[in-house]
Amino acid sequence: IYRSSGPSIISLYLLEKYLNCKRVDRDLAYCVYSKSYFSNFNKKKKLPFVKVFLKKTFDYKNLKKKLWVMKPDAPIVGKKNVYLVNKKNLKKKYFNLCKKESHNNNVLFSEFIDGKDITIFFLRSNKYNFKKISIIDEWVGLKNNKFFGIGISNPSIYLSKKIQNEIVKLSKKIIQNFINFKGVASISFRVNLNKKLILPYEINIGLSGDGFADKIYPNSFKGPSLYSLEIDILLNRKIKKFSFQNKNFCGLYFGKMIFNKDKFLNKIQALQL
């Protein structure tokens with residue numbers, strides 16, 4: 001099953017359970033499905049996590065003076081109805097939009113961490129094998145307290161090799177909790193270099209990721225497609241040895257491909273985020 005939205009991961013888990021497959025267990029399915037479940041799972045495993053709480057009804061309790069990111073806990077469509085809120089600007093209208101967009105009717109409030117959104121894509125052929133594909137920058141804007149997606153770029157402009165290595169180590173620790181999983185997966189982090197924070201907030205499996213697999217990857221890497229690689233892994237075929245080597249910079253800006261890094265950054269800066 002190609003997982004194109006959070007709720008369908010539950011269908012995949014139930015189908016695999018019925019067919020006695022063990023690739024996607026309950027914890028992995030619900031970590032993908034629910035952002036609060038993933039946060040609480042990391043906390044339970046003593047891994048870094050983002051502080052969160054859930055609401056089903058509209059009120060101002062728990063907000064205090066902090067800034068919070070309000071979003072659907074189990075989003076039907078990614079990056080839709082995500083807001084930056086506090087006790088003063090929280091509006092019932094936007095709360096209800098989040099609730100409607102959440103498959104489990106839970107609205108998630110996660111602690112706002114100033115920083116950048118970073119996603120790692122990796123390949124896993126068995127519980128001992130972890131192969132980084134790439135670490136990308138996600139570009140997100142904020143207008144009238146509402147977040148909106150701008151695009152993604154590869155390789156990361158924002159992170160040093162040292163920080164990227166730390167993200168790889170943390171990703172290995174997270175995915176090791178799901179010993180039967182194999183295939184392509186991604187984990188998203190909020191990174192604040194000044195405070196030395198690297199906090200995971202979302203995990204996905206399969207070839208999702210805002211155009212990475214079908215647009216960025218073919219223009220940035222040599223070698224087999226991610227689609228054929230994942231199919232080979234799932235069918236237990238032997239994978240030839242190779243490394244994911246970036247050919248060149250590649251960015252997606254509101255769906256448009258840009259291959260010049262300076263041109264891409266100029267467009268980002270022109271938005272005056």
Indicate the ring-plane relationship of F122 and F130, choosing parallel, tilted or perpendicular according to the 30° and 60° boundaries. parallel
Exercise. Taking the inter-plane angle between the rings of F109 and F53 on a 0 to 90° scale, is it parallel (under 30°), tilted (30 to 60°) or perpendicular (over 60°)?
Worked result: parallel
Could you check if a side-chain atom of [X] sits within less than 4.5 angstrom of a side-chain atom of [Y], using non-hydrogen atoms only?
{"X": "K71", "Y": "Y83", "answer": "no"}
{"X": "I10", "Y": "Y30", "answer": "yes"}
{"X": "F121", "Y": "F244", "answer": "no"}

Polar side-chain atom of [X] near backbone of [Y] as donor-acceptor pair, under 3.5 Å:
{"X": "N177", "Y": "I174", "answer": "yes"}
{"X": "D137", "Y": "I157", "answer": "yes"}
{"X": "N86", "Y": "K88", "answer": "yes"}
{"X": "N192", "Y": "D114", "answer": "yes"}

State, without any angle test, whether S102 and D73 hold a side-chain donor-acceptor pair at a distance under 3.5 Å.
no
Review point. Among side-chain atoms of N106 and K56, is any donor-acceptor pair under 3.5 angstrom?
Key: yes
Problem set entry | Hydrophobic cluster membership, F49 vs L54, 4.5 Å side-chain cutoff | no
Flag if over 12 foreign heavy atoms under 6.0 Å of [atom1], [X]:
{"X": "K132", "atom1": "NZ", "value": "yes"}
{"X": "K80", "atom1": "NZ", "value": "no"}
{"X": "K222", "atom1": "NZ", "value": "no"}

Side chain to side chain donor-acceptor pair (under 3.5 Å) with Y37: of D27, N104, N42, only one passes, and it is D27
Within the 6.0 Å centroid threshold, strictly below: F38 and F41: no
So, taking the atom named [atom1] in [X] and the one named [atom2] in [Y], what distance separates them when rounded to the nearest 0.5 Å?
{"X": "F178", "Y": "R124", "atom1": "CZ", "atom2": "CZ", "answer": "9.5 Å"}
{"X": "L84", "Y": "F147", "atom1": "CG", "atom2": "CZ", "answer": "4.5 Å"}
{"X": "K87", "Y": "D59", "atom1": "NZ", "atom2": "CG", "answer": "10.5 Å"}
{"X": "E16", "Y": "R23", "atom1": "CD", "atom2": "CZ", "answer": "5.0 Å"}
{"X": "S110", "Y": "Y201", "atom1": "OG", "atom2": "OH", "answer": "9.5 Å"}
{"X": "Y158", "Y": "Q164", "atom1": "OH", "atom2": "CD", "answer": "12.5 Å"}

Which of I133, I135, L170 passes side-chain contact (heavy atoms from CB on, under 4.5 Å) with I120? Answer is I135
Residue pairs meeting salt bridge (Lys or Arg N to Asp or Glu O under 4.0 Å), one or both in residues 180-206, sequence neighbours left out, come to K35-E202, D117-R190
Scan the side chains in residues 253-263 for donor-acceptor partners under 3.5 Å anywhere in the protein, sequence neighbours excluded, and list what turns up.
{"from": "N260", "atom 1": "OD1", "to": "D262", "atom 2": "N", "distance (Å)": "3.0"}
{"from": "N260", "atom 1": "OD1", "to": "K263", "atom 2": "N", "distance (Å)": "2.8"}

Practice task
Mind running side chain to side chain contact (heavy atoms under 4.5 Å, CB included) on F189 and K116 for me, showing each step along the way?
Solution key: CA-CA 8 Å; F189 297 84; K116 299 287 185 180; over 6 Å; no
Taking every heavy atom of S186 against every heavy atom of T119, the minimum-distance pair comes out as CB-CG2, 3.9 Å
